[in-house]
Amino acid sequence: MKTRKTQVVMLSLFVLGLLAATGCATARVETMNPPPWLPASGPAPQGQYMGIALADMDSDGTLDVAAAGVRPESLAVYYGDGTGGYWDTVSLPLHGDVRSVAAGDINRDGLMDLVFSIQGEGNVGVQAWLAGPDHTWTQGTSPIQNGNYEGVRLADVNRDGRLDVIAANASSETQGGVQVWLGDGQGGWLKESGPVNIHRYMDAECADLNGDGNLDLVAAGTGIHGQLRVWLGDGAGGWSSTEALEDGNYNRLSVFDADWDGHPDILAGTYRTGPAIFYNDGLGNFERRLRPEDTGSYWKVLVTALDDTARPVIVASSVDSKGLATWKLSDKGYWERVDYQLPDQGVYYDMARGDMDNDGHCDLVTASLGEGVKVWLATRDTPGPGPSGQLARAGLPCPCDCGAGQTASAAQEPAPPAQGGQVMPLSSAQVQDDITENKVFTSVSGFPEYRVGPTDVLTITLWKGIEGSKHEVRVRPDGKISFGFVEDLYVNGLTPTQLDDILTREFSRFVRKPQIEIMVEEFHSREVTFMGAIKVLPFRNSGPGIYQLRGKTTLYEMLSLIGGPEENADVKRVAVRRNNGDQRVVDLYRFIIQGDKSQNLILDEGDYVFVPRLSESERRVYVVGEVVHPGVYRIGPTANVLESVLLAGGFSGMAQPASTKIIRGGLEKPEVFSSDLAALLSANDQSENLELQSGDIVYVPRGFIGDVHVFLQKISPLLNVLLYPGRFRDEYMYSDALRLDIGGTQTNNPVNINVVP
C-alpha cells in the first residue's frame, strides 16, 4: 500500500511538473471580443509584396497606398476613396523587385513622390519617381544606380527644408553601410553624407533619440558583423558614432514610444530571436529588457492603439508563416500575448498605420508575400488618457500618426527631451532677425518696440513749448490706464509709439496741438525664467531666477546679461519651453562658433530656459578651425584625432592637416600636441593619429604654425569661448560668430606652457 501511495504521489508530481514545463505553450491567450477592427480588406487580395508607404499622393485629403513587391507587381499606387476603398490604380513600369518604398515631396511641388530600393536585372540601387497631375508618374534622378539596397527612408537630416534619402546597403561586408543623400529640393541630390560604408544593413530609421533637436540614425545590421547601431546627428548632415546596442541579425526598424514614458524607443524585427525592443531614457541611452518572445523571425514591429485598457500594444509581422502576432504591455511591465483576431498564418513583411477611411481611427495596412496588400479598418481607438494626448504633448509619434497628406516614411521634426508640448518649428522665419513681433515686442516703422503690459510703469511727458511736465502712470492689472482727460484706456500690447498716437488723438479733443512723449520707466509685465548652470555675480542681479524682458532680446543676449553660463554649463543643450508648451533644445556653441542664428532664439514672454550642467561621465572633444562643421562632439571610450575630424565633416578646402594641434588641460596649464594628419593620410603613419581625452581641443589651422607660444596667445579667446563661455560673452554677443586669425612665428612675451612635440 505504501508503495502504491508513493507511486501515486510520484505520478502526481510528474503530471504537475509536466504542466509547469509546458505552461508557456498551453497558457490561455486572451482573445478580444469583439475584435477592434473589421474583417480584412485591401486593394490587392493577392500578390507578393514587401514594402508599404502611406501618403496622400494626389492631394485629395485621403490616404493612398504605395505597395512595393516582387515581380510582376514591383510597385503600384492604390488611390484611396476615403471610405476604405480604392478608385484608381497605377503600376510603375519597373523591371525588378522593389524591397522598400518611402513617400515624400522631394521636389517641393506639393505632390508626394516615391523613393524606393530595387534589385534585379541590372535595375538596381535607389530610384526616385516624381508624381504629376492626374495620377501620372515620371522617373526622377536616382541617388545611386548600383548596389543591393534594402530599407529606405525620407527625412530632412540637415534641417534645410529639403527631404534627404536614407538607405540601408546590404551589398556585401566591404561595400555596404548606410548612405544618406542630401536633397536639393528640386528632385536632385547634392552629395552623399552617410555614417558608414561597410557591413551589410537591412534598414535605417531617423528620429531624435537624444533630445538635442537633431535627427539621429538607427540602423539594423545583418550577417557576420550584424549589429543594431545608432549614430547621433549634428543637424547638418554629420554623424557621431556610438557603441553598438547589440549584436545580431535585424530586419526592419521602427521608432515609437513603446512604454509611453515620453521617449522614443527602438523596435526591430529579428532573424530567429523574436521582436526586439530597446527602451530609451530620453538621452539616447538604451536598455534591452524582456522581449515579447525570444524565438521566431519577424520582419517589422509596430506600436498601435487597439486596446480599451489604454496600454501599449505591439504588432509584429512574421516571416515564419505565422501571420501577425500581438502583445499588450501588462501592468507588471512585461508583454503578454493577446489575440486580436489577426491571421496566425502567412508570411507578412512591412506594416504601416493610417486612417484609411477617415473615421478618426487607426487602421493597419500590411504587405504579404502571397496574400497581397491587406487592410484592417479599426472600429475603435484607445479611449481616455491613452498615448495620443501623452505622446503629442511630448512631440513624439502617436500610435496613429498618418493622417491625410502625411507619410509614414518621411520623418517629421525631431522631438524635445522634456515633457510637454510639441517641438518648436525650425524655420528661419521664427528664429532669426526677421521675426517682426511676439508678445514682448512688435515692429513699428521697421524698428522693434516693447509692448506695454500690466504693472509696467510709464513716464508720460506733456510739453508746453520747451517745458515738459512728467507724470508716472502704472498700468493696472486689467491692462488699462487713466490719465488726464482719458479714462480706462486699454493699453496692454501697445508700444509707446502706438500709445503716444492714441493719447495725442484723445487730448486733441481738449488741447490744441498736444505734444506728448511716452517712455517705459519700469518693466514688469514680460517675464522669462532662467534656471540651471547660470553664474551668480557679485553686486549684480544675476543667476537663476525670473527676469523682465525690455524688448526684442535673444537667448544669448539675455543669458549674458544675467551672469552667463557657469564653467561647467552644457550650452550645447539649452532647453527652451514656451508658454504654449512648445519646446526646443538649442546649441549655443553653433551660434558662437559658426554664427548659426537659428540656435539663438528670440525670447518671448513666459519662456522657461534651462541650462544643464555637463555630465561628469560624458566624453566630448572640441573640433575647430578648418573643418566643415566645427563644434563639440561626443566620443566613445576611445577616439583618435582623425575620427574627431571626420565627426566634424572632414577638412575644409583651406586646411593644413600637417599642422593639426591638440590642446589639452585648459588655460591654466595647457599642453599642445602636434599631429601630422597629412602623413597619416598619405603614408598611413599611425603614430600621428593620437588618442584623445575628454575635453581635448582639436584645431586644424589654415596655415603653418611655427611658434606655439604665439599660437596659444592668439587662440586663448577661442579657448575661453569653448571652455568658459561665460567669461567672453562680450566677444561674440554682438556678432554673428567669433572669428580669429591664428598664426605667426614670433613672440615677445612668451607664456608659461608645456609644449609637447
Side-chain angles (χ1 to χ4, degrees), residues 32 34-44 49 51-67 76-89 101-105 110-112 114 131 154 254-257 260 300-308 310 312-315 317 324 326 340-342 348 350-367 372-393 395-412 422:
M32 298 299 295
W37 37 48
L38 299 174
S41 59
Y49 291 92
I52 289 290
L54 304 182
D56 183 4
M57 308 287 182
D58 53 0
S59 301
D60 64 351
T62 61
L63 282 178
D64 310 308
V65 179
V77 179
Y78 301 98
Y79 293 91
D81 61 7
T83 66
Y86 305 87
W87 66 279
D88 193 14
T89 303
V101 60
D105 185 6
L111 297 174
M112 288 292 180
L114 294 177
L154 285 170
S254 60
V255 177
F256 296 105
D257 186 1
W260 294 2
K300 191 165 184 176
V301 187
L302 287 182
V303 177
T304 189
L306 304 169
D307 191 10
D308 56 9
V313 173
I314 61 174
V315 181
S317 55
L324 299 170
T326 50
Y340 286 98
Q341 301 186 31
L342 291 170
Y348 286 83
D350 203 4
M351 299 182 293
R353 308 155 315 155
D355 186 3
M356 304 304 298
D357 54 357
N358 291 337
D359 65 349
H361 294 157
C362 183
D363 308 316
L364 180 66
V365 185
T366 65
V373 178
K374 285 191 173 183
V375 179
W376 282 270
L377 300 176
T379 59
R380 65 174 183 260
D381 215 341
T382 301
S388 297
Q390 178 182 343
L391 299 188
R393 286 194 300 273
L396 297 170
C398 294
C400 186
D401 57 356
C402 276
Q406 294 179 333
T407 169
S409 303
Q412 306 301 315
Q422 296 178 336

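The minimum heavy-atom distance linking A352 with L302 is given by the pair N-CD1, 4.0 Å. Minimum interatomic distance between K374 and A40 (heavy atoms only, all atoms of both residues): CD-CB, 4.3 Å. A103 and A55 make their closest contact through CB-CB, 3.8 Å (heavy atoms, listed as atom of the first residue, atom of the second, distance). Across every non-hydrogen atom of A378 and D359, the tightest pair is O-OD2, 3.5 Å. Nearest approach of L114 to A66, heavy atoms of both residues: CD2-CB, 3.8 Å.
A search for side chain to side chain contact (heavy atoms under 4.5 Å, CB included) contacts involving D60 returns D56, D58, T62, W87, not counting sequence neighbours. With sequence neighbours left out, the ring-ring contact (aromatic ring centres under 6.0 Å, His included) criterion links Y78 to no other residue.
To the nearest 0.5 Å, atoms CG (L364) and CG (L342) are separated by 6.5 Å. The CG atom of L324 sits 13.5 Å away from the CD atom of Q341 when rounded to the nearest 0.5 Å. The distance from atom CZ of R353 to atom SG of C362, rounded to the nearest 0.5 Å, is 5.0 Å. To the nearest 0.5 angstrom, L377 atom CG is 5.5 Å from L38 atom CG. If you take CH2 on W376 and CE on M351, they are separated by 10.0 Å, rounding to the nearest 0.5 Å.
By the 4.5 Å heavy-atom criterion applied to side chains, S59 and L111 are counted as neighbours. Inter-residue side-chain proximity for D350 and T366 is flagged as unmet; no heavy-atom pair is nearer than 4.5 Å. Considering only heavy atoms from C-beta on, I52 comes within 4.5 Å of V373 through its side chain. Contact of the L54 side chain with the V365 side chain is registered, since non-hydrogen atoms from C-beta on lie closer than 4.5 Å. Within the 4.5 Å cutoff, no side-chain heavy atoms of W37 are placed close to those of D363. Looking only at side-chain heavy atoms (C-beta outward), Y340 and V315 stay at 4.5 Å or farther from each other.
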When you look at Y86 and M356, which way does the side-chain contact (heavy atoms from CB on, under 4.5 Å) test go after all the steps? CA-CA 10 Å; Y86 305 87; M356 304 304 298; 3.9 Å; yes
Do Y79 and T89 pass the side-chain contact (heavy atoms from CB on, under 4.5 Å) test, and can you show the C-alpha distance, the side-chain angles, and the key distance before you say yes or no? CA-CA 6 Å; Y79 293 91; T89 303; over 6 Å; no
